[in-house]
Amino acid sequence: MITDYISCPIISYASATLKVEVSKEQFSVVPTIALIEALVIEIGKRSSEESIQKLKRLEKT
């Protein structure tokens, strides 16, 4: 679950929680972009072996 408030009632049902701080004074997409980048990096780490194999097969083709 991704939230900006730990007091969110549904948080007790989540197996993992990511809290993203947001500014109350001005709107910014920076926290959202940072979260997306972190998720992409983690997914990339977890699937890198499979991705490398697929790229090698494509290269041969």
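Within 6.0 Å of the CD atom in E42, the count of heavy atoms belonging to other residues, nucleotides or ligands exceeds 12.
Rounded to the nearest 0.5 angstrom, E37 CD and I41 CD1 are separated by 6.0 Å. Taking NZ of K56 as the reference point, atom OG1 of T61 lies at 14.0 Å (rounded to 0.5 Å). Taken to the nearest 0.5 Å, the CD1 atom of I33 stands 7.5 Å off from the OG atom of S28. Taking OG from S51 and NZ from K45, the interatomic distance works out to 14.5 Å, rounded to the nearest 0.5 Å. Taking CG of L18 as the start and CD1 of I2 as the end, the distance is 5.5 Å to the nearest 0.5 Å.
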Working for side-chain contact (heavy atoms from CB on, under 4.5 Å), residues K54 and R57
CA-CA 5 Å; K54 286 182 180 180; R57 277 186 279 165; 3.3 Å; yes
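By the 4.5 Å heavy-atom criterion applied to side chains, V20 and T3 are not counted as neighbours.
The minimum heavy-atom distance between I11 and I6, with the atom names listed, is CD1-O, 3.7 Å.
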